[in-house]
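Written out below as structure tokens is the structure these notes cover.
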Amino acid sequence: MTIEADGDWTIISAPEVSAAAGSRVDAHGSTSVVQTGRTAPTTSSGRTCKAFWFVPAVKRWVKSVQEGYDTNGVRNERFTAELLSVQVAC
């Protein structure tokens, strides 16, 4: 039996503050420079698809596939897992 699900996802990234610093020392003295930047929150969205192959005799899924798609519909990740062996109790 195959179980499939499709859905949409949205993420809002938190704002960030970054800093970079540099300094220089020579015979005339020293100079230090610090630069800071702030990024605004950004929103991204996409789609995800999942499929599970469930075997009742094994009492669990034996294979799963998950795919993620970005805002433009381009697949950017794929995860696959398979059960390699099983020993079912009678």
Side-chain angles (χ1 to χ4, degrees):
M1 162 185 355
T2 304
I3 303 166
E4 297 182 16
D6 292 321
D8 298 320
W9 58 266
T10 301
I11 186 170
I12 301 172
S13 67
E16 295 180 359
V17 175
S18 61
S23 61
R24 177 182 155 171
V25 178
D26 60 20
H28 303 289
S30 64
T31 304
S32 294
V33 177
V34 176
Q35 181 177 358
T36 61
R38 169 170 275 182
T39 60
T42 57
T43 301
S44 299
S45 61
R47 195 169 58 89
T48 186
C49 301
K50 295 182 180 184
F52 296 92
W53 286 262
F54 182 82
V55 177
V58 178
K59 299 179 183 175
R60 62 163 289 155
W61 59 266
V62 295
K63 181 177 180 178
S64 71
V65 175
Q66 177 179 334
E67 296 179 336
Y69 297 85
D70 67 14
T71 304
N72 299 317
V74 176
R75 186 177 77 196
N76 57 13
E77 64 183 8
R78 180 184 172 103
F79 301 104
T80 302
E82 283 191 60
L83 182 65
L84 298 177
S85 67
V86 67
Q87 198 168 15
V88 179
C90 297

- Task: Could you check Thr43 against Ile11 for side chain to side chain contact (heavy atoms under 4.5 Å, CB included), going step by step and ending with a plain yes or no?
- Result: CA-CA 6 Å; Thr43 301; Ile11 186 170; over 6 Å; no
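- For the pair Arg75 and Tyr69, the cation does not sit on the ring face, since its NZ or CZ is not both under 6.0 Å from the ring centre and inside 45° of the axis.
- Taken to the nearest 0.5 Å, the CD atom of Gln66 stands 6.0 Å off from the CD atom of Glu77.
- With a 4.5 Å cut-off between side-chain heavy atoms of Ile, Leu, Val, Met, Phe, Trp and Tyr, the cluster of Val17 takes in none.
- Hydrophobic clustering places Val58 together with Val65 (ILVMFWY residues linked when any side-chain heavy atoms are closer than 4.5 Å, directly or through intermediates).
- You'll find the side chain of Leu83 stays beyond 4.5 Å of the side chain of Lys63, heavy atoms only.
- One distance of note links CG of Asp8 with OG1 of Thr48; it measures 9.5 Å at 0.5 Å rounding.
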- Would you check, one step at a time, whether the test side chain to side chain contact (heavy atoms under 4.5 Å, CB included) holds for Glu82 with Val62? CA-CA 6 Å; Glu82 283 191 60; Val62 295; over 6 Å; no
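- The side chain to side chain contact (heavy atoms under 4.5 Å, CB included) check on Thr39 picks up Glu16, with sequence neighbours excluded.
- With rounding to the nearest 0.5 angstrom, the CZ atom of Phe79 is 11.0 Å from the CD atom of Glu67.
- The shortest heavy-atom contact between Thr71 and Ser45 is OG1-O, 2.6 Å.
- In this structure a side-chain-to-backbone donor-acceptor pair under 3.5 Å is present from Asp70 to Asn72.
- Distance CZ/Arg60 to CZ/Phe54: 9.5 Å, rounded to 0.5 Å.
- Taking Thr2 as the reference, Trp53 meet the side chain to side chain donor-acceptor pair (under 3.5 Å) condition, with sequence neighbours excluded.
- Atom OG of Ser64 is separated from atom CD1 of Ile3 by 11.0 Å, given to the nearest 0.5 angstrom.
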